[in-house]
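Quick caveat: nothing in here was measured; it's all calculated off a predicted structure. In listed order, ligands and their atoms are each counted from 1.
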Amino acid sequence: MDQTGALDALLQEERVFRPLPQLVIEANINPHQLEQAQRRAEQDPLAYWEDAAHELDWFKKWDRVLDDSNPPFYRWFPGARCNIVYNALDRHIETANKNKLALIWEGEPGDQRKYTYYELYREVNRFANALRTLGVAKGDRVVLYMPILPETAIAMLAVAKLGAIHSMVYGGFSAKVLRERVADAQAKVVITADGFYRNGRIINLKALVDEALAGAGAECVETCVVVHRVNVDTEMHEPRDLWYDDLVRQERPVCATEVMEATDPLFLLYSSGATGKPKGIVHAHGGYMVGIARTLDWVFDIKPTDIFWCTADAGWITGHSYVIYGPLVAGTTTVMYEGHPLYPQADRLWDVVARFGVTILYTSPTLVRMLMRFGVQYPRKKDLSTLRLLGSVGEPMNPEAWVWLYKYIGRSECPIMDTWWQTETGMFMISPLPISLLKPGSVNKPLPGIEADVVDAHGNPVPPGKGGFLVLKRPWPAMMTTIYKDPERYKKSYWEKIPGVYYAGDVARRDEDGYYWIQGRADDVMNIAGHRIGTAEVESALVAHRCVAEAAVIGIPDKIKGEVAKAFLVLHDGWQKEFETAEDLVAALRAHVRRELGPVAVVKSIEFRESLPHTRSGKIMRRILRAEELGQDAGDTSALEDPD
Ligand code: WTA
């Protein structure tokens, strides 16, 4: 179950890092307040979350904090009316935040755009009006297939302002994946860009959209809005395609914010599961905004002078919760960077930090490991003294990377918030606070109001130091409300694996001090550079190739990306007629997967086999292949047998 190969290091990790006294004094939540909050949350978790909800603006307050009459379909703040965009934008226009920078954006070539809260508010209103003219109304689905642009944030907020539901599809997914998601969501509008800059090249995004929308299933799309970003010839299909600039030019910068039920959906975000079909994770306005506002404020200790930079792409949950919604609800300044972190060289990140005076940097272990490889001369050349907090998410952070980040980027002064959470949880669940004692590689302890546990397949807690399944034992406000159009699957995949608790799909361990250590996924989901990719998705892409009879894909440890995909294939006879050598076939298969799934799903190595191991019922036993690959005894995984 050790996905990163760093388990030995984790097991031996005994270092503890204390926060500097000054930091404890200045923290929004001091140790005494934390203790009080924990006590309150233990005695009355709903009262704890109700306090958090009172810090936000509502059109009408709730009848109850939580309706748990039909588990696991928990309804947070039923009876309340709100709109997250009111909290992210509208209310700031009435305060000193009005003229504060909301968004700093930098393009890969070095161009910049900055928006105050007032300017962002106006842009969102104009685009919301344009969308309304296109017929977008409450409950409609709008798919965003966007790179990192200011318009990405503007589009999300504009859609939500109208009460419509956005569904972002990460730009690293293929046209085919985009089409499937557009079809599943039955989207009326797709918003995209002509292209974007990545590692010095122009990626032509609109061409992929054209391919996606030409296929069966995408007939639901009436309009495609295209943001102009790069100078490329872009085919516009009339009357479907419209330029963003043409649309907003005449629109007024005032637009009413739709009054939503707290339980109304805000967005869908598709995420990989153990089967080939991605799940449309649904989040609702009320609970989601309470959850992300409270967790961002406490974990990242937001101050009026902060410049907050989360390096995640807006297409993942981290981008939704902590690049866009969370920081804007908090009234802080959020940074977005379009391009590759190593472009034009390995100091780009540090350069951005220095130029904007970033105070909080929230990033991923893969990026840290990548930058570590280039050595300390790059960060040393830049002034990183504005940084006061660091953060990590998406995959287990090995202690070596943790200590490097702490020492060379954080000057041994900035605590690292290693936050554990998921698309499904919407918000941080297990994480330190700036005042916590830190152990490198551990995600610390559950936040107040969160009850987690490490259990065996029957739900019995396992003793300290032993691996088990990570579960959550109580609903939390930013939790997903369901899987889009598939409530049964929501019930089955999260709440029935181990009855009565939320099954996260991760393997974890808790030490004697109650600190959690995440070891990796328990299911057939890979975590490649912090991106969730189902083995089944890659397998079905591979068997769609005419030469492949059967495919099994597993994740294997990788020094930089944490995990990479390896495929075992049984070929159809006659592939030699098409390809001269096995290398040619491998290259063709790699290109094929890229076309089917997109550049996000890289298959690192491919091995041909005469046959694959099967269970009696015919299921491929990936676990045997994994044990073989890692030189382990295939029998010794029984302690962590999937509860299925
Ligand atoms: C993994 C990303 C170790 C975990 C927010 C989880 C982590 C999956 C951490 C969710 C962390 C997330 N340490 N592993 N701090 N944070 N994970 O849905 O396996 O893209 O189940 O959400 O990432 O990935 P997702």
Side-chain angles (χ1 to χ4, degrees), residues 1-4 6-7 10 168 170 172-173 267-274 278-281 283 291-292 295-296 299 310-323 325-326 362-369 390-399 401-402 405 416-432 438-447 452 454 467 469-472 478-480 483 493-494 497 502-509 515-534 555 561-563 600:
M1 287 298 145
D2 168 27
Q3 305 289 346
T4 64
L7 183 56
L10 282 182
M168 278 284 287
Y170 173 60
F173 282 117
F267 66 82
L268 304 181
L269 186 54
Y270 287 85
S271 184
S272 294
K279 311 181 261 202
I281 310 287
H283 282 285
I292 60 169
T295 51
L296 180 67
V299 171
C310 166
T311 61
D313 190 281
W316 306 104
I317 190 69
T318 309
H320 285 57
S321 299
Y322 301 110
V323 174
Y325 285 118
Y362 184 34
T363 187
S364 73
T366 289
L367 196 48
V368 173
R369 288 188 292 257
L390 299 166
S392 170
V393 63
E395 22 160 1
M397 176 82 134
N398 48 314
W402 194 102
L405 182 68
I416 301 176
M417 304 296 104
D418 189 347
T419 58
W420 178 86
W421 59 296
Q422 308 179 296
T423 307
E424 293 86 342
T425 71
M427 65 187 212
F428 306 147
M429 302 297 282
I430 309 182
S431 168
L438 302 173
K439 300 187 186 186
S442 163
V443 292
N444 224 264
K445 296 181 186 182
L447 291 169
V454 179
F469 298 109
L470 180 59
V471 298
L472 301 166
M479 65 195 299
M480 66 189 290
I483 292 177
S493 32
Y494 299 108
K497 296 242 162 161
Y502 171 88
Y503 173 82
D506 278 6
V507 176
R509 170 174 75 81
Y515 277 53
Y516 284 71
W517 303 74
I518 310 294
Q519 290 167 218
R521 295 291 303 189
D523 52 12
D524 287 316
V525 174
M526 293 175 288
N527 188 336
I528 303 176
H531 299 157
R532 261 165 83 170
I533 309 284
K561 295 187 169 171
E563 202 175 13
V600 69

Inspect the contact between E395 and R369 and indicate whether a charged nitrogen and a carboxylate oxygen are less than 4.0 angstrom apart.
-> yes
Hey, do the aromatic rings of Y516 and W420 have their centres closer than 6.0 Å?
-> no
Could you name the protein residues that come within less than 4.0 Å of ligand 1, counting only heavy atoms, and order them by chain and residue number?
-> I317, T318, V393, G394, E395, P396, D418, T419, W420, W421, Q422, T423, V443, D506, I518, R521, N527, R532
Taking the inter-plane angle between the rings of F267 and H320 on a 0 to 90° scale, is it parallel (under 30°), tilted (30 to 60°) or perpendicular (over 60°)?
-> tilted
Do we see a donor-acceptor contact under 3.5 Å between the side chains of Y270 and T423?
-> no
Take E563 and R532 through the salt bridge (charged side-chain N to carboxylate O under 4.0 Å, His left out) test and state the conclusion after the steps.
-> CA-CA 10 Å; E563 202 175 13; R532 261 165 83 170; over 6 Å; no
Mind checking whether Y494 and Y503 have ring centres under 6.0 Å apart?
-> no
